[in-house]
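To start, the structure under review is shown below, and the notes come after it.
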Amino acid sequence: MSLPADDRLIVALDVPNVIAGLELAQTLGDAVSFYKIGLGMLTGGGLALANELKQDQGKRIFLDMKLFDIGATVEAAVRGFAQFDIDFLTVHGDPHVVRAAKQGAAGSDLKILAVTILTSLDRADLDASMIRSGALPDLVVERASRAFDAGADGIIASPQEAAAIRALPESQGRLIVTPGVRPSGAALGDQKRVATPQSAIQDGADHIVVGRPIWQDKDPKSAAQSILAQMNACP
């Protein structure tokens with residue numbers, strides 16, 4: 001199977017350090033054009049890896065930092081990250097955080113994505129964190145709506161909420177990026193709200209994020225190509 005890279009697929013480089021990240025990118029080769037670098041990689045050379053993949057290999061980069069702080073601090077942090085020619089950056093979806101992040105990204109092409117509710121959480125987790133009552137999907141959609149109103153270029157949500165978010169009038173022209181995507185039969189890991197690549201795209205996701213089902217596979221490139229095939233099977 002040989003399919004061209006499709007930047008709707010973002011591969012999460014959740015590996016220990018920059019050397020492992022570069023080795024995985026080399027293995028995936030031209031099958032993958034978009035990578036996510038998360039907080040766990042930051043002290044392992046994450047920004048150097050982002051620069052290498054972007055500047056030397058022409059890949060797109062999603063920096064998943066999930067920033068949350070007072071507005072001035074978020075604005076300063078985003079302004080710093082914007083110097084690295086990153087494509088996407090995540091912040092928590094609280095309106096004051098989103099507004100500050102957009103100010104920090106001003107003058108750059110950096111897209112600010114607002115995190116709604118992590119795909120590893122369910123209602124019991126929200127209760128433990130004293131998050132107000134209500135059906136989790138409803139809370140996700142409300143947070144997405146408020147983030148859009150605050151200026152977010154897109155949101156992060158589970159694929160189970162993608163269709164409801166895409167139905168929001170304010171979602172038009174905005175990005176929906178869905179982690180928690182698992183090919184049929186793949187282990188869930190720590191994810192609790194998941195869907196297949198095909199259903200995520202059909203429900204309105206612009207990009208899907210897949211990590212362990214690719215990099216833990218004995219043949220990561222074939223695993224990525226299989227996910228691309230599932231995505232391209234969408235009508």
Side-chain angles (χ1 to χ4, degrees), residues 5 7-69 73-93 97 101 104-105 108-115 117-121 154 156 158 177-183 186-192 194 207-225 227:
D7 72 2
R8 291 180 299 171
L9 171 62
I10 301 175
V11 173
L13 293 175
D14 295 329
V15 292
N17 53 51
V18 64
I19 295 173
L22 286 172
E23 288 176 348
L24 179 58
Q26 183 176 18
T27 297
L28 294 172
D30 58 4
V32 174
S33 58
F34 211 152
Y35 287 101
K36 179 177 85 74
I37 297 173
L39 190 60
M41 170 72 85
L42 190 61
T43 57
L47 291 177
L49 176 59
N51 191 63
E52 167 77 15
L53 292 174
K54 180 77 174 186
Q55 302 302 327
D56 295 343
Q57 300 188 30
K59 306 297 185 181
R60 299 185 70 192
I61 299 297
F62 167 16
L63 201 60
D64 187 19
M65 296 291 104
K66 300 183 179 71
L67 299 176
F68 180 85
D69 211 311
T73 300
V74 170
E75 181 178 348
V78 173
R79 186 175 296 113
F81 281 127
Q83 299 175 38
F84 287 87
D85 194 22
I86 303 300
D87 293 278
F88 295 170
L89 175 70
T90 51
V91 303
H92 276 265
V97 175
S108 74
D109 294 327
L110 178 62
K111 301 293 186 186
I112 298 299
L113 305 183
V115 177
I117 294 175
L118 300 177
T119 55
S120 60
L121 303 182
I156 305 290
S158 97
V177 180
T178 58
V181 174
R182 291 290 184 269
L188 298 185
D190 57 3
Q191 301 295 326
K192 295 179 180 178
V194 303
H207 300 273
I208 64 172
V209 180
V210 184
R212 281 164 287 190
I214 291 176
W215 61 260
Q216 287 184 341
D217 194 277
K218 63 182 184 297
D219 187 345
K221 187 169 185 177
S222 291
Q225 292 280 11
I227 291 169

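Bear in mind the structure is a predicted one, so any value in this text is a computation, not a measurement.
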I need the [X] [atom1] to [Y] [atom2] distance, nearest 0.5 Å.
X	Y	atom1	atom2	value
D217	R212	CG	CZ	14.0 Å
T119	I156	OG1	CD1	9.5 Å
L39	M65	CG	CE	5.0 Å
S222	I227	OG	CD1	11.5 Å
I214	D219	CD1	CG	11.5 Å
I86	I37	CD1	CD1	7.0 Å

Below 4.5 Å, heavy atoms only, C-beta onward: do L67 and L89 meet side chain to side chain? yes

Which side-chain N or O atoms in residues 45-57 pair as donor and acceptor under 3.5 Å with protein atoms at least two apart or in another chain?
residue, atom, partner, partner atom, Å
K54, NZ, D87, OD1, 3.1
K54, NZ, D87, OD2, 2.8
Q55, NE2, D85, OD2, 3.3

Practice task
Start with the C-alpha distance between L63 and F84, add both sets of side-chain angles, then the distance that settles side chain to side chain contact (heavy atoms under 4.5 Å, CB included), and finish with yes or no.
Solution key: CA-CA 10 Å; L63 201 60; F84 287 87; over 6 Å; no

Review point. Is it true that the side chains of D7 and S33 contain a donor and an acceptor less than 3.5 Å apart?
Key: no

- With under 30° as parallel and over 60° as perpendicular, where do the rings of H92 and F68 fit, or are they tilted in between? perpendicular

If you look only at distance, which donor and acceptor atoms sit under 3.5 Å apart when one is on a side chain in residues 9-21 and the other is two or more places apart or in another chain?
residue, atom, partner, partner atom, Å
N17, OD1, I19, N, 3.1
N17, OD1, A20, N, 2.9

Check your understanding: Would K66 and D64 satisfy salt bridge (Lys or Arg N to Asp or Glu O under 4.0 Å), going step by step from the backbone distance to the final call?
Key -> CA-CA 6 Å; K66 300 183 179 71; D64 187 19; 2.7 Å; yes

Between F62 and H207, does the ring centroid distance fall short of 6.0 Å?
-> no

Nearest heavy-atom contact between A101 and I112 is CB-CG2, 3.9 Å

